[in-house]
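Numbers here simply count residues along the sequence, with the first being 1.
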Amino acid sequence: MSEPSRHRFAADVNDLELADYQRAVRLVLRHPLITATWPDERALPRVRRFAATLRRDLSEAFGYRLELHGGTARLVRAKDRLDPTQPAVSRTGRPFDRQRYAYLALCLAVLGRAGIQITLSELADAVAADANRITGLGLDPDQGADRRAFVDAVGWLEERGALRVADGSSAAWASDPGAGEALYDVARDVVFALFRPTRVLQHVDSVAALLDRSAARSGNAERRHAAQLTRRAVVESPVIYLADVDPAVANHLRGAALAGDLARLTGMRLERRAEGVLLVDTAGFTTERFPGTGSVAQAAVLLAVAMADRALDPDGRRVRRIAPPHPQAGHRALVDRLDSGLPTATLVLLDDAGSPPPPGDEPDDAAGEGRLPFITDSFLRDAVGEILRRYGSAFGAQWHADPERLRSEAVALLDRFGAVTRVPGGVLVRPLTARYRNTVAAVRHRAAAETLF
């Protein structure tokens, strides 16, 4: 008899199949919805191959539920906080605005009661009928802006296989609704898998009610929940600072088991520092990577170098240090923004379960994290100007013409990856920035183009 596996996860996966299993885990975590065509034709067979083990491990490790129905695999995740860094995007990479999200939701509502086929004009008419009853929304196919927003929502559904073109083209309809047309097959299993709210939306009086707010636990159940929350945080966030999390989560972040569990599950290495941890993405796990390619990512690295030198140089002018915002401040502000758009006319209040939890006692000095170096916007503007002057040939004319846009997008990238925290008048430099202090950049000349690094 073979020796029983000593691993808690992937216990029934042999060493020869482990890399394939870890690829399937990363695939499901990155794409919570998988269909016959999304993200590609090979994805669904990979998940089905390890379906039973994936169900067990994803449930035990993260508290997630993997469902396979028809031609779909759907990961129903427990969410602990809202994430503004992963918006839906159009085929051209444009993030969805409120109008596009509203059209997408109305498209799903129409398709949920539609037959097996529908034309684009029929879908547009049905969505318009619903949208025109909503104050401030509306849909007029004769208006170019409305039509483009609607086609972006339809294109998002096409990409994921909820709609499959049987005849015609949405591009032709977008150009001229009177002359163009498209006929779609409706994949009802995909439509069903896409819309999976955790609560009846008419009973939700705050977006916070859609987050995982399980009842209080005790003993082993509480420790298991804290371990799941910790693993979720690590795989869903670029970096986790100990000062930003509850003590129970911080204890798991410091523990030895976390690194081994995630290495076994995902095939990725956990990097631990005194201030926190991050999961090193060596397998293309995330949709956005840092450092990365492109002018914005390159400028962000160079800005990180400049900020680190400014903050850490003992011979330089003293840098002002201020207390960072409370770790939950940004999340609460986002909840308030979303709640401000909540339609109250259809709200059905059953109890107070949907209300966000009370803030509680907020410790002084940002949960003991201490003060962080404050870098002003003026310093960042000067730094971007110096970057463009020094590495000018690596940046296109559009960036030289609009350095403020380059600064804004580079800072936003650093903020998404936890290297800085944006505050009025500048940014607070967080510990992750220090790892790029000794980065050396040079212009690499090529026959067709010039890039950094």
Test side chain to side chain donor-acceptor pair (under 3.5 Å) applied to Gln99 and Asp146, step by step: CA-CA 8 Å; Gln99 184 183 27; Asp146 286 3; 2.9 Å; yes
List the steps and the verdict of side chain to side chain contact (heavy atoms under 4.5 Å, CB included) for Leu108 and Leu157. CA-CA 9 Å; Leu108 287 169; Leu157 293 169; 3.9 Å; yes
I'd like to know whether Ile240 forms a side chain to side chain contact (heavy atoms under 4.5 Å, CB included) with Leu278, so could you lay out the CA-CA distance, the side-chain angles of the two residues, the decisive distance to 0.1 Å, and finally the verdict. CA-CA 6 Å; Ile240 304 296; Leu278 62 85; over 6 Å; no
Between Val305 and Arg437, does the side chain to side chain contact (heavy atoms under 4.5 Å, CB included) criterion hold? Intermediate values first, please. CA-CA 5 Å; Val305 173; Arg437 187 185 183 195; 5.9 Å; no
Asp57 vs Leu265, test: side chain to side chain contact (heavy atoms under 4.5 Å, CB included). Steps then yes/no. CA-CA 8 Å; Asp57 284 352; Leu265 271 171; 3.9 Å; yes
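Ion pairing between a basic and an acidic side chain is recognised when a charged N comes within 4.0 Å of a carboxylate O; Arg56 and Glu60 show no such pairing. The pair Arg273-Glu271 meets the salt-bridge criterion, since a charged nitrogen lies less than 4.0 angstrom from a carboxylate oxygen. Ionic pairing of Arg407 and Asp377 is present here: one or more N-O contacts between side-chain nitrogen and carboxylate oxygen are shorter than 4.0 angstrom. Salt bridge annotation for Arg46-Asp20: absent, with no cationic side-chain nitrogen under 4.0 angstrom from a carboxylate oxygen. Ion pairing of Arg94 with Asp152 is absent here, as no side-chain N (NZ or NE/NH1/NH2) approaches a carboxylate O to less than 4.0 Å. Under a 4.0 Å N-O distance rule, the pair Lys79/Glu236 qualifies as a salt bridge. Salt-bridge annotation for Arg100 and Asp97: present, with a side-chain N of the basic residue lying under 4.0 Å from a carboxylate O of the acidic one. Here Asp130 pairs with Arg113 in a salt bridge; the nearest charged N to carboxylate O distance falls below 4.0 Å.
Judged by the 6.0 Å and 45° rule, Arg232 forms no cation-pi pair with Phe62. With a 6.0 Å cutoff to the six-membered ring centre and a 45° limit on the axis angle, Arg430 counts as a cation-pi contact of Tyr241.
For Arg65, the salt bridge (Lys or Arg N to Asp or Glu O under 4.0 Å) partners at least two apart in sequence or on another chain are Glu67. Scored by the side chain to side chain donor-acceptor pair (under 3.5 Å) test, Thr293 finds no partners at all (sequence neighbours excluded).
Shown here is Phe96, whose CZ atom has more than 12 heavy atoms of other residues, nucleotides or ligands within 6.0 Å. Around CZ of Arg272, the count of heavy atoms belonging to other residues, nucleotides or ligands within 6.0 Å exceeds 12.
Residues Val47 and Ala73 come closest through the heavy atom pair CG1-CB, 4.1 Å. The heavy-atom pair separating Gly71 from Leu44 by the smallest distance is O-CD2, 3.5 Å. Among all heavy-atom pairs drawn from Leu414 and Ala304, the shortest one is CD2-CB, 4.3 Å. In terms of heavy-atom proximity, Ala162 sits nearest to Val191 at CB-CG2, 4.2 Å. Nearest heavy atom pair, residue Tyr103 against residue Gly138, reads OH-O, 2.6 Å.
Between Tyr436 and Phe290, the distance separating the two ring centers is shorter than 6.0 angstrom.
Side-chain atoms of Tyr184 and Glu158 include a donor-acceptor pair closer than 3.5 Å. Residues Asp189 and Thr72 have side chains that never bring a donor and an acceptor to within less than 3.5 angstrom of each other.
Looking at His331, its side chain does come within 3.5 Å of a backbone N or O of Leu82 through a donor-acceptor pair.
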